[in-house]
Amino acid sequence: MNETRTWLNDSIMNLLVDYYTEVQFRPYGSGASRRNTVHWLKQLKLGYLCIYAKGHSGYTSWDSSLKTRHNRLGQDMCRLFRDVTREAGCRLVLYYSGLLDGIAGDRHPDWRMKNLDGTDKECLQDFKCFHSYGNCPLSGYFDEWVAIQLRELIGQYDPDGFWFDGDWPGPCYCPRCQARFREQTGWDGPWGEIVKRPDFHAAYQPVWNRTESEWRERCSRLIKSCKPDCIYSAGNVSPRREFLGPFDWRSGDFFSPGFFNLHDMARMMRWYGTLGVPYDAYVCDTSFTHVRKDVRSRSKTVERMMQEAATVAANGGAVGYWTYPTGNGALVPSRMRKAIAVREFLAEREGLFLHSRSASRTAIVVSDPASPVFGGNGAQGAHKALAAVHRSPDLMDESGLVEGVPYDLVVLPEQPQVDPATVKRLDAFVRGGGTLLTSGGSILSPGSQELLGVKAVKRGAVADGHVFLKQEPFGEPVGIDFPWDWLELGTGTEELYALYRSWDDLNPECRNLANNWPMHGQVDEEKPEPAGCAAALVRRLGKGTIVHVATDIFGMYLRLGDPQMLRWIREIVHELDPDPLLATNAPSWVDVSPHRAADGRLLV
């Protein structure tokens, strides 16, 4: 392991000071000083401190040659914190807004990303004091803007790393990106007709993902050319392994601004943990929700911050403690005291958390290259459900399905694209004794149908269906108000659960009822009407077993969190894998993270 990776792996806590440069009507940085900063940083014993160099508005905390400095810059903040971090004995990482830059977009309108309707991609429009545009990575933005500023920052301040944010406003549909799409896919014809094709978005997203990855590779290469040991990461972008090249570590800050479910935080740690590089997550000491802008932000309790920190560290990540200063840039004493308490909490467990690796025997595979950053509804819902039944799955894309994977159960949740190579790997996994659970849209690929032993598929044949469980004490059925597929079963594939219709499913007058009318959508429990198709099927293959659920159960569970659905998922998972690594009767909201310590001990 090189020296950079060593210090990243050996750091249990880092600090992000979210002092965004957007607000121009008050002084920026006038309250920050060595005196009110160094003593806090020394007590925190950080791996790195991350401070703003450029925000999404394009305004900078140093006097850039591009004339982008904050209008009321009180001092050179990059210089202050370069000196402060050296005195405190930690590294300096600079926050830099990547593809989002309002000033660049204002001065160079031709650089702006385009929406599908041809309008400019303007972001963060709810803020009235600045503009923020997505800038196309195929424009002159990198060479004529970003490269200039990165060279300035490295030459003047010798930072130890960069954390890029704002690389997520795409896709861009400008003429440059249209040409790239045509070149890589061979699609031809008028653009107005191309975008109407039903498979357009599924084809466009992978091309855009590669374009974004090329942008990050350019950023990383330039940084390394100026300072080889300067580390690079970009937050909140695709974790697919094919895009791992530019990253020295994986990171994100989307986990924690509100009192969110800790399962979401654990999900991305479990995905980053399969990539073979260090990783962290920024957990925010301030509660704010992006969609509730009328609610004033307030700080979280130290107990909540310890809980969030433990969720990250127990899943093998470093804790990025995310705090806000006062309006003039001074660190807030009460928040620093809480940060120190969290650091002490981590220090007591550092010997266990550091260098630990997942011991999970369950994995979720995201095989669709057009999947959004967080895996899509199927993957997110599958993790939510499996974490609730304490199976704590790893996540990975299809490239992680190598021979000898350490999993007993693999879940393929509503993945509309499963390529032939992935089908072959799944076949080998099952024949070797593994168990596979698939659902909904995963049946769309011809290879998946062959693997599952299905001859034909009729999508959405039943609008609303019910399932009777095998182990339900009251005989209560599970109802899922979502389209179910009719599947023609081949030789060797059997019905595992029958599907039953709602008693008024085919009554046209139901159109006059609100969907939430309490008696609407019930099943006749005494004489249930068969839907004529399986709710779930099973196939034995070699030494292993495959089960397919014929609806998007995980996406629906993500949306509703329905305990009835969870009971069915629990029953299926237990039937597939009756001897898990660990079993507990803890409530569903308790997150269980099995890991192996560096010395081989099992940690739970």
Are [X] and [Y] within salt-bridge range, i.e. N to O under 4.0 Å?
{"X": "Glu214", "Y": "Arg210", "answer": "no"}
{"X": "Asp158", "Y": "Lys227", "answer": "yes"}
{"X": "Arg82", "Y": "Asp160", "answer": "yes"}

Non-hydrogen atoms of [X] and [Y] that approach each other most closely:
{"X": "Glu308", "Y": "Leu262", "value": "CG-CD2, 3.8 Å"}
{"X": "Asp167", "Y": "Gly98", "value": "OD1-CA, 3.4 Å"}
{"X": "Phe554", "Y": "Gly378", "value": "CB-O, 3.5 Å"}
{"X": "Arg270", "Y": "Ala387", "value": "NH1-CB, 4.3 Å"}
{"X": "Val389", "Y": "Leu566", "value": "CG1-CD1, 3.8 Å"}
{"X": "Pro137", "Y": "Trp215", "value": "CB-CB, 3.8 Å"}

Going from [atom1] on [X] to [atom2] on [Y], what distance comes out if it is rounded to the nearest 0.5 angstrom?
{"X": "Leu576", "Y": "Arg391", "atom1": "CG", "atom2": "CZ", "answer": "9.0 Å"}
{"X": "Glu350", "Y": "Ser11", "atom1": "CD", "atom2": "OG", "answer": "9.0 Å"}
{"X": "Met565", "Y": "Ile553", "atom1": "CE", "atom2": "CD1", "answer": "7.0 Å"}
{"X": "Ser356", "Y": "Arg601", "atom1": "OG", "atom2": "CZ", "answer": "11.0 Å"}
{"X": "Tyr59", "Y": "Glu22", "atom1": "OH", "atom2": "CD", "answer": "9.5 Å"}
{"X": "Ile231", "Y": "Asp248", "atom1": "CD1", "atom2": "CG", "answer": "6.0 Å"}

Under 3.5 Å, side chain of [X] to main-chain N/O of [Y], donor-acceptor pair present?
{"X": "Thr311", "Y": "Gln307", "answer": "yes"}
{"X": "Glu414", "Y": "Gly555", "answer": "yes"}
{"X": "Asp562", "Y": "Tyr557", "answer": "no"}
{"X": "Asn209", "Y": "Pro369", "answer": "yes"}
{"X": "His390", "Y": "Pro587", "answer": "yes"}
{"X": "Asn315", "Y": "Gly317", "answer": "no"}
{"X": "Thr21", "Y": "Gly55", "answer": "yes"}
{"X": "Ser97", "Y": "Asp101", "answer": "no"}
{"X": "Thr60", "Y": "Ala53", "answer": "no"}
{"X": "His70", "Y": "Val23", "answer": "yes"}

Without hydrogens or angle criteria, can the side chains of Trp62 and Glu152 be said to hold a donor-acceptor pair below 3.5 Å? yes

So, Asp10 versus His355: side-chain donor-acceptor pair below 3.5 Å or not?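 A donor-acceptor contact under 3.5 Å links the two side chains.
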
side-chain contact (heavy atoms from CB on, under 4.5 Å) evaluation trace for Lys54 with Gln149: CA-CA 9 Å; Lys54 185 186 78 168; Gln149 291 188 330; 3.5 Å; yes

Assess the residue pair Asp285 and Thr323 against the criterion (side-chain hydrogen bond (donor to acceptor under 3.5 Å, both in side chains)); give the C-alpha distance rounded to whole Å, side-chain angles, the decisive distance to 0.1 Å, and a yes or no. CA-CA 6 Å; Asp285 69 0; Thr323 191; 2.7 Å; yes

Is it true that atom CZ of Arg79 has more than 12 heavy atoms of other residues, nucleotides or ligands lying nearer than 6.0 Å?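 Buried by this count: over 12 neighbours within 6.0 Å.
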
For the CG atom on Asp579, are there more than 12 heavy atoms of other groups (residues, nucleotides or ligands in this structure) within a distance under 6.0 Å? no

Taking the six-membered ring of Phe353, is the NZ or CZ of Arg349 close enough (under 6.0 Å from the centre) and on axis enough (within 45°)?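 No - Arg349 does not lie over the ring of Phe353 by the 6.0 Å and 45° rule.
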
Is the positively charged end of Lys224 above the ring of Tyr232, judged by distance under 6.0 angstrom from the centroid and angle within 45° of the axis?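 Because its charged atom misses either the 6.0 Å distance or the 45° angle limit, Lys224 does not stack over Tyr232.
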
If we only count heavy atoms from C-beta on, is the [X] to [Y] side-chain gap below 4.5 Å?
{"X": "Ser360", "Y": "Leu581", "value": "no"}
{"X": "Ile51", "Y": "Tyr19", "value": "no"}
{"X": "Tyr279", "Y": "Val277", "value": "no"}
{"X": "Tyr321", "Y": "Arg343", "value": "no"}
{"X": "Tyr96", "Y": "Leu153", "value": "yes"}
{"X": "Ser299", "Y": "Tyr324", "value": "no"}
{"X": "Leu49", "Y": "Asn14", "value": "no"}
{"X": "Val592", "Y": "Val604", "value": "yes"}

Could you check Asp280 against Ser251 for side-chain hydrogen bond (donor to acceptor under 3.5 Å, both in side chains), going step by step and ending with a plain yes or no? CA-CA 5 Å; Asp280 65 9; Ser251 187; 2.6 Å; yes

Verdict with reasoning, Trp322 to Asp253, per side-chain hydrogen bond (donor to acceptor under 3.5 Å, both in side chains): CA-CA 8 Å; Trp322 169 7; Asp253 69 350; over 6 Å; no

Please determine whether side-chain contact (heavy atoms from CB on, under 4.5 Å) holds for the pair Val411 and Val573, giving the CA-CA distance in whole Å, both sets of side-chain angles, and the decisive distance to 0.1 Å. CA-CA 10 Å; Val411 180; Val573 168; over 6 Å; no

Report, one line per pair, each donor and acceptor closer than 3.5 Å where one atom sits in a side chain of residues 393-400; sequence neighbours left out.
| unit_1 | atom_1 | unit_2 | atom_2 | d |
| --- | --- | --- | --- | --- |
| Asp394 | OD1 | Ser358 | OG | 2.8 |
| Asp394 | OD2 | Ser358 | OG | 3.2 |
| Asp394 | OD2 | Tyr407 | OH | 2.8 |
| Asp397 | OD1 | Ser399 | N | 2.8 |
| Asp397 | OD1 | Ser399 | OG | 2.4 |
| Asp397 | OD2 | Arg241 | N | 2.6 |
| Glu398 | OE1 | Arg240 | NH1 | 3.3 |
| Glu398 | OE1 | Arg240 | NH2 | 3.4 |
| Glu398 | OE2 | Arg240 | NH2 | 2.7 |

Would Phe81 and Val17 count as a side-chain contact (heavy atoms from CB on, under 4.5 Å) if you check the C-alpha gap in whole Å, the side-chain angles of each, and the deciding distance to 0.1 Å? CA-CA 11 Å; Phe81 280 100; Val17 179; 5.7 Å; no

Take Ile572 and Glu575, measure what side-chain contact (heavy atoms from CB on, under 4.5 Å) needs, and give me the verdict at the end. CA-CA 5 Å; Ile572 292 173; Glu575 182 161 330; 5.8 Å; no

ring-ring contact (aromatic ring centres under 6.0 Å, His included) with Phe162: which residues, sequence neighbours excluded? none

Sorted by first residue and then second, give each ring-ring contact (aromatic ring centres under 6.0 Å, His included) pair with at least one member in residues 35-56; sequence neighbours left out.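 Qualifying pairs: Tyr48-Trp249, Tyr52-Tyr95, His56-Trp168.
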
